[in-house]
Amino acid sequence: MLKAINITKKFGALAAVNNLSFEVEDRQIFGIAGPNGAGKSTLYNLITGFYKYEGKIEFDGKNISGLPTHKIARLGISRTFQIPQIFESLTVEESVNIGGRFGSSGKFNTGYSDEMIAFTSLEQERSNKTNLLNLLGKKRLMIAAALATNPKILMVDEPMAGLNAMEIKEMTGLIKSINQDLKITVIIIEHFMKVLTELANPILVIENGKEICTGTPEEITSDPEVIACYLGDSHDT
Ligand SMILES: Nc1ncnc2c1ncn2[C@@H]1O[C@H](COP(=O)(O)OP(=O)(O)OP(=O)(O)O)[C@@H](O)[C@H]1O
Ligand SMILES: [Mg+2]
């Protein structure tokens, strides 16, 4: 469904993404792990067309390299950001509608936005200004706005960061439900290995922009290179 072929992104001398290839299949929850600065968020910026890069990305067999962000969104690729990006002066409902309008291909309707507000448990807050939401609420809102575009793929960037144990359970349930009930392919960048291995299969582990390994949760957590570079200090978090 989504295929990256030898993609490279350099910032000056630094190759933030370095000759990376991978393939995400329809209906997977595809995990991405790696230490700070590994190039995970940059990878999302390449897929969604924020930066030019070397190599090629195909979506449903179509070359999307070089397309502008709104065109990529309209093909069905939607994302959330590591740090919640919300319009503080708007209500929850207005924000979800704006998200939907940006990414939909003419078929946007507020009815579907309403469904996504309910799906993300934001119904009671729909008329509230978004700055009243707590962190979990803001993360739900970003997801609702991304879902309002009716995407084929949703890409989430460290959705658990900053959440407490209870909230992590809720967010985990929401992501499972997006995949299983809405039948949307999910790509998830996540630092918490316990959460990632519960949700995702396969998982791609990168370091310094390069692939260390790709495999099932069992495979990656027993890979000596992964343990050395990454799991050694964060497996229990
Ligand atoms: N716009 C930019 N200009 C210059 N360097 C950048 C830019 N964006 C990212 N980088 C650098 O590229 C590398 C990868 O950054 P990226 O944000 O993709 O890492 P990450 O894996 O998402 O890390 P984290 O787990 O901390 O979120 C880092 O060294 C970062 O400083
Ligand atoms: Mg990041």
Side-chain angles (χ1 to χ4, degrees), residues 1-9 15-48 53 55-61 77-80 82 143 151-161 163 165 168-237:
M1 180 178 210
L2 186 78
K3 193 171 178 186
I5 306 153
N6 302 118
I7 56 171
T8 294
K9 172 66 194 174
V17 171
N18 195 346
N19 200 29
L20 207 55
S21 298
F22 60 90
E23 186 162 4
V24 180
E25 309 276 358
D26 194 21
R27 298 289 295 280
Q28 274 177 341
I29 298 184
F30 185 93
I32 299 173
N36 288 327
K40 305 179 298 294
S41 297
T42 301
L43 189 55
Y44 278 13
N45 288 331
L46 303 190
I47 294 169
T48 53
Y53 52 89
K56 188 166 145 187
I57 300 178
E58 291 175 355
F59 179 58
D60 281 344
I77 300 178
S78 196
R79 72 167 305 175
T80 67
Q82 190 164 354
I143 290 175
K152 294 179 186 156
I153 295 189
L154 176 70
M155 309 201 303
V156 290
D157 194 349
E158 298 204 25
M160 310 301 167
L163 300 182
I168 286 175
K169 266 202 186 131
E170 279 185 48
M171 183 55 78
T172 302
L174 178 59
I175 289 168
K176 275 188 187 159
S177 175
I178 289 167
N179 182 247
Q180 287 166 14
D181 302 327
L182 300 182
K183 306 188 195 318
I184 292 173
T185 305
V186 175
I187 306 179
I188 175 171
I189 294 172
E190 188 46 63
H191 231 77
F192 292 111
M193 280 314 264
K194 267 188 195 147
V195 173
L196 192 64
T197 52
E198 182 191 334
L199 275 172
N201 189 8
I203 296 169
L204 162 69
V205 186
I206 61 176
E207 186 185 26
N208 297 324
K210 287 190 186 139
E211 174 179 358
I212 295 183
C213 75
T214 304
T216 64
E218 296 71 30
E219 282 164 352
I220 66 131
T221 49
S222 58
D223 184 289
E225 252 194 284
V226 174
I227 292 166
C229 101
Y230 183 67
L231 298 178
D233 61 0
S234 60
H235 193 209
D236 295 330
T237 57

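Applying the side-chain hydrogen bond (donor to acceptor under 3.5 Å, both in side chains) test to residues at least two apart or on different chains, the pairs with a partner in residues 22-33 are D26-T185.
In this structure, CD1 on I227 lies 6.5 Å from OG on S222, to the nearest 0.5 angstrom. Rounded to the nearest 0.5 Å, atoms CD1 (I168) and CZ (F192) are 4.5 Å apart. A distance of 6.0 Å separates CD1 in I206 from CG in L20, rounded to the nearest 0.5 Å.
In this structure, the side chains of E225 and C213 stay at 4.5 Å or more apart for every pair of heavy atoms. Looking at heavy atoms from C-beta onward, I32 lies out of side-chain contact with I203 at the 4.5 angstrom threshold. The shortest distance between side-chain heavy atoms of I29 and N201 does not fall below 4.5 Å. I187 has its side chain within reach of I153: a pair of non-hydrogen atoms, C-beta onward, lies under 4.5 Å apart. Annotation: side chain of L199 is in contact with side chain of I175 (closest heavy-atom distance under 4.5 Å). Looking only at side-chain heavy atoms (C-beta outward), L2 and I47 come within less than 4.5 Å of each other. Side-chain atoms of L43 and K9, non-hydrogen and from C-beta on, never get closer than 4.5 Å to each other. A heavy-atom distance below 4.5 Å is found between the side chains of E190 and M160.
Every side chain to side chain contact (heavy atoms under 4.5 Å, CB included) that T214 has, sequence neighbours left out, goes to P202, L204, E211. When the side chain to side chain contact (heavy atoms under 4.5 Å, CB included) test is applied to N6, the partners found at least two apart in sequence or on another chain are N19, S21. Residues satisfying the salt bridge (Lys or Arg N to Asp or Glu O under 4.0 Å) test with E219, not counting sequence neighbours, are none. Considering only residues two or more places apart in sequence or on other chains, N208 meets the side-chain hydrogen bond (donor to acceptor under 3.5 Å, both in side chains) condition with none of them. In this structure, N18 has no side-chain hydrogen bond (donor to acceptor under 3.5 Å, both in side chains) partners at least two apart in sequence or on a different chain. T48 meets the side chain to side chain contact (heavy atoms under 4.5 Å, CB included) test with F50, I77, R79, M155; sequence neighbours excluded. Partners of S177 according to the side-chain hydrogen bond (donor to acceptor under 3.5 Å, both in side chains) rule, which considers only residues two or more places apart in sequence or in another chain, are D181. E58 is linked by a side chain to side chain contact (heavy atoms under 4.5 Å, CB included) to K3, I5, K56, counting only residues two or more places apart in sequence or in another chain. Every residue meeting the side-chain hydrogen bond (donor to acceptor under 3.5 Å, both in side chains) condition with K176, not counting sequence neighbours, appears here in chain and number order: E198. Remark: F30 engages F22 in a ring-ring contact (aromatic ring centres under 6.0 Å, His included) (not counting sequence neighbours).
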(message) Pair D157, K40 - check side chain to side chain contact (heavy atoms under 4.5 Å, CB included), show working.
(response) CA-CA 8 Å; D157 194 349; K40 305 179 298 294; 5.5 Å; no
(request) Would you please test L46 and I7 for side chain to side chain contact (heavy atoms under 4.5 Å, CB included) and show each step? (result) CA-CA 9 Å; L46 303 190; I7 56 171; 4.2 Å; yes
(request) Go through the steps for L163 and E170 under the test side chain to side chain contact (heavy atoms under 4.5 Å, CB included), then give the verdict. (result) CA-CA 10 Å; L163 300 182; E170 279 185 48; over 6 Å; no
(message) Would Q82 and I189 count as a side chain to side chain contact (heavy atoms under 4.5 Å, CB included) here? Give the steps.
(response) CA-CA 9 Å; Q82 190 164 354; I189 294 172; over 6 Å; no
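For the residue pair A200 and I188, the shortest heavy atom distance occurs at CB-CG2, 4.3 Å. Counting all heavy atoms, side chain and backbone alike, G39 lies closest to V17 at O-CG2, 3.8 Å. Nearest heavy-atom pair across S78 and P151 is CB-CB, 3.6 Å.
At distances below 3.5 Å, at least one donor-acceptor pair connects side-chain atoms of Y44 with backbone N or O atoms of V156.
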